[in-house]
Amino acid sequence: MARKELFTQVERLMNQYCEGCFLHRQIKKDQGRRTAHRFCITQCTIGEEIQHYGKKLQ
């Protein structure tokens, strides 16, 4: 898969699932931005998929 295609896939995932995410918004409100970001990276299935694409870019 070409780099451009990988970036397109990541952007599509983020636009479809991450924009307006209730969980991110609620965690950010209750526990702060840093905790919400950590949740997205470590526990969210979409975050894991984005990481998978990121590893392909290396």
Side-chain angles (χ1 to χ4, degrees):
M1 194 177 273
R3 289 179 64 87
K4 187 174 181 180
E5 291 175 29
L6 289 171
F7 282 116
T8 302
Q9 290 293 332
V10 169
E11 188 173 353
R12 182 187 58 79
L13 281 174
M14 291 182 74
N15 287 335
Q16 186 173 1
Y17 296 105
C18 298
E19 269 189 39
C21 175
F22 173 76
L23 288 173
H24 182 271
R25 190 172 49 234
Q26 192 63 38
I27 293 170
K28 185 176 175 181
K29 179 181 171 187
D30 294 341
Q31 299 173 8
R33 183 181 59 164
R34 188 173 183 179
T35 304
H37 182 73
R38 185 174 298 134
F39 166 79
C40 293
I41 292 172
T42 60
Q43 296 176 349
C44 178
T45 56
I46 302 303
E48 291 173 0
E49 194 167 338
I50 291 171
Q51 282 184 10
H52 177 72
Y53 284 125
K55 288 178 183 175
K56 288 183 178 181
L57 289 170
Q58 293 178 348

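Below, each value reflects all heavy atoms present in this structure, side chains not excepted, and no hydrogens, waters or symmetry copies.
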Donor-acceptor pairs under 3.5 angstrom involving side-chain atoms of residues 23-32: please list them, not counting sequence neighbours.
residue, atom, partner, partner atom, Å
Q26, NE2, D30, OD1, 3.3
Q26, NE2, D30, OD2, 3.2

Could you give the side-chain donor-acceptor pairs of residues 44-58 under 3.5 Å, partners two or more places apart or in another chain?
residue, atom, partner, partner atom, Å
Q51, NE2, I41, O, 3.0

Per-pair distances, 0.1 Å, donor-acceptor, side chain in residues 10-22, under 3.5 Å, sequence neighbours excluded:
residue, atom, partner, partner atom, Å
R12, NE, Q9, OE1, 3.4
R12, NH1, Q16, OE1, 3.2
R12, NH2, Q9, OE1, 2.9
N15, ND2, E11, O, 3.3

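- Not counting sequence neighbours, the partners of E5 by the side-chain contact (heavy atoms from CB on, under 4.5 Å) test are M1, A2.
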